[in-house]
Amino acid sequence: MSQAETAPAPPSTWSGRFTEPVAQRVQRYTASIPFDWRLAPYDIRGSLAHAAMLQRIGVLSADDLDAIRRGLGEIQAEFEAGAFAWNLEDEDVHFTIERALTRRIGDAGKRLHTGRSRNDQVATDVRLWLRDAIDAILATLADARGALIDLAETHADTVMPGFTHLQAAQPVTFGHHLLAWQEMLARDAERLADCRRRVNRLPLGAAALAGTSYPIDRAFVARELGFDEVCENSLDAVSDRDFAIEFLAAGALIMTHLSRMAEELVLWMTPRFGFIDLPDRFCTGSSIMPQKKNPDVPELIRGKTGRMNGHLVALLTLMKGQPLAYNKDNQEDKEPLFDAVDTLLDSLAIFAELVPGIRVRAERMREAAVEGHATATDLADYLVKKGLPFREAHEAVARAVRAAEEAGVDLAGLPLAQLRVFSTRIEDDVYAVLTLEGSLAARDHIGGTAPRQVRAAAARARQRLAARGV
Ligand code: ARG
């Protein structure tokens with residue numbers, strides 16, 4: 001290997017055992033600093049807690065601890081000012097910070113790594129980072145849910161066709177539909193909150209894999225860093241990435257939900273449906289077709305679901321062949337996690353902004369419900385209440401729908417005499433159930449689409465959100 005292909009002299013952190021410098025390509029291939037610099041504030045927090053613990057157990061002097069606090073404080077300030085400089089030779093965020101600290105404060109910096117390893121350090125950093133990320137995602141989820149509940153209340157009486165097989169099925173209110181979306185996101189919040197409990201455990205103290213010979217106080221470090229518990233087994237602590245996989249699974253479901261909602265927005269915005277309009281600021285035009293207004297934002301939400309699913313599969317695959325304990329494979333957990341969090345925060349925030357901007361075209365929704373004979377089930381139920389067995393009622397109504405189709409009217413548009421051809425049990429009072437409002441009002445139980453139930457459901461959802469956030 002020629003000199004030109006070798007990297008600068010290997011860093012003193014582990015080079016003692018090596019007789020030649022690492023190849024440049026290898027250096028680039030193995031370094032994680034180009035992406036894990038994002039963990040810097042969490043690495044610093046972890047180091048501060050570790051140093052405080054080392055001083056308590058007599059491994060560090062009070063002067064060393066002071067120097068470490070000062071040095072890490074300066075590095076943190078640099079990070080916040082956007083002046084945090086890294087280079088490839090430092091390999092990863094842990095070495096970068098440790099060396100920057102040692103340059104500043106000398107020997108005390110070299111003592112910081114006593115009783116720990118980058119293996120328990122990185123697991124701690126990722127958990128601290130992910131805990132914050134989950135909290136931020138939960139806050140954005142709450143915004144999105146709040147926006148849905150508000151709009152649902154506004155549209156507790158707005159009629160639209162509910163669909164099965166994408167065919168008009170029965171009337172529902174638009175508010176009811178929006179609250180269905182809200183339920184999906186409420187479950188997502190529950191899942192994240194549950195996942196957070198398993199994220200919030202402290203790996204530090206596991207050291208490289210077997211623990212350490214220093215009399216460390218892990219409970220103290222856990223308290224300092226706000227962890228609920230310590231990881232029980234050192235081998236598991238450094239190698240476990242279940243918490244990250246769980247998070248990605250919860251994240252993939254969030255994106256799946258947003259994607260389904262986005263799909264409906266896209267459909268509803270087509271001129272054929274014409275149920276809604278989105279503000280121009282969420283759409284773009286076409287470079288060639290002047291009449292177009294494209295729902296780019298919902299389409300991108302739908303599209304970004306692909307990468308989320310990819311990240312979940314990436315981490316599952318990353319873990320499946322790994323023997324205990326730490327392996328360098330684990331370094332590959334970061335980019336999927338970072339991108340997942342960025343994607344989730346962006347998508348949820350833009351969705352929360354978009355929802356209040358939805359302009360509802362209530363007339364088009366109503367027309368679609370009428371055209372779809374959405375009250376056919378109500379007519380069948382009416383006949384059942386008048387004593388006809390349901391199967392016969394179903395048949396009678398099917399024939400009535402065909403007659404209405406042929407006459408080009410909806411069921412309520414057929415005169416009584418004609419309706420009675422299909423069943424003599426039909427009387428004047430039938431028109432009360434054939435109207436859209438009659439159909440809605442009849443579904444008057446918890447979970448039903450009756451406007452007063454929708455209003456009550458919205459109030460309960462708002463209460464739950466305010467009380468628990470999940
Ligand atoms: N950059 C590494 C990672 O992301 C840190 C841990 C390295 N540990 C090791 N034994 N090489 O996983």
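All ligand and atom numbering here is 1-based and tracks the order in the structure. Sequence positions, counted from 1, serve as the residue numbers for this chain. Every value quoted in this text rests on a predicted model; they were computed, and no experiment measured them. The basis for the numbers below is simple: all heavy atoms, side chains too, and nothing from hydrogens, waters or symmetry mates.
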Once you restrict both partners to nitrogen or oxygen, which atoms of ligand 1 have a protein partner under 3.5 Å, and how far apart are they?
| from | atom 1 | to | atom 2 | distance (Å) |
| --- | --- | --- | --- | --- |
| ligand 1 | 1 (N) | S32 | OG | 3.1 |
| ligand 1 | 1 (N) | D92 | OD2 | 3.2 |
| ligand 1 | 1 (N) | Q331 | OE1 | 2.8 |
| ligand 1 | 4 (O) | K334 | NZ | 2.6 |
| ligand 1 | 8 (N) | N119 | OD1 | 2.9 |
| ligand 1 | 10 (N) | N119 | OD1 | 3.0 |
| ligand 1 | 11 (N) | R118 | NH2 | 3.4 |
| ligand 1 | 12 (O) | Y326 | OH | 2.4 |

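Side chain of N294 to backbone of D296: no donor-acceptor contact under 3.5 angstrom is found.
Ion pair R452/D444 flagged as a salt bridge, since at least one NZ, NE, NH1 or NH2 atom sits closer than 4.0 Å to an Asp/Glu carboxylate oxygen.
The environment of E299 atom CD is dense: over 12 non-hydrogen atoms of other residues, nucleotides or ligands sit within 6.0 angstrom. Taking a 6.0 Å sphere around CD of Q291, one finds it holds more than 12 heavy atoms contributed by other residues, nucleotides or ligands. More than 12 heavy atoms of other residues, nucleotides or ligands sit less than 6.0 Å from atom CZ of R359.
The side-chain tip of R127 does not point at the ring of F227 from less than 6.0 angstrom away and within 45° of straight on.
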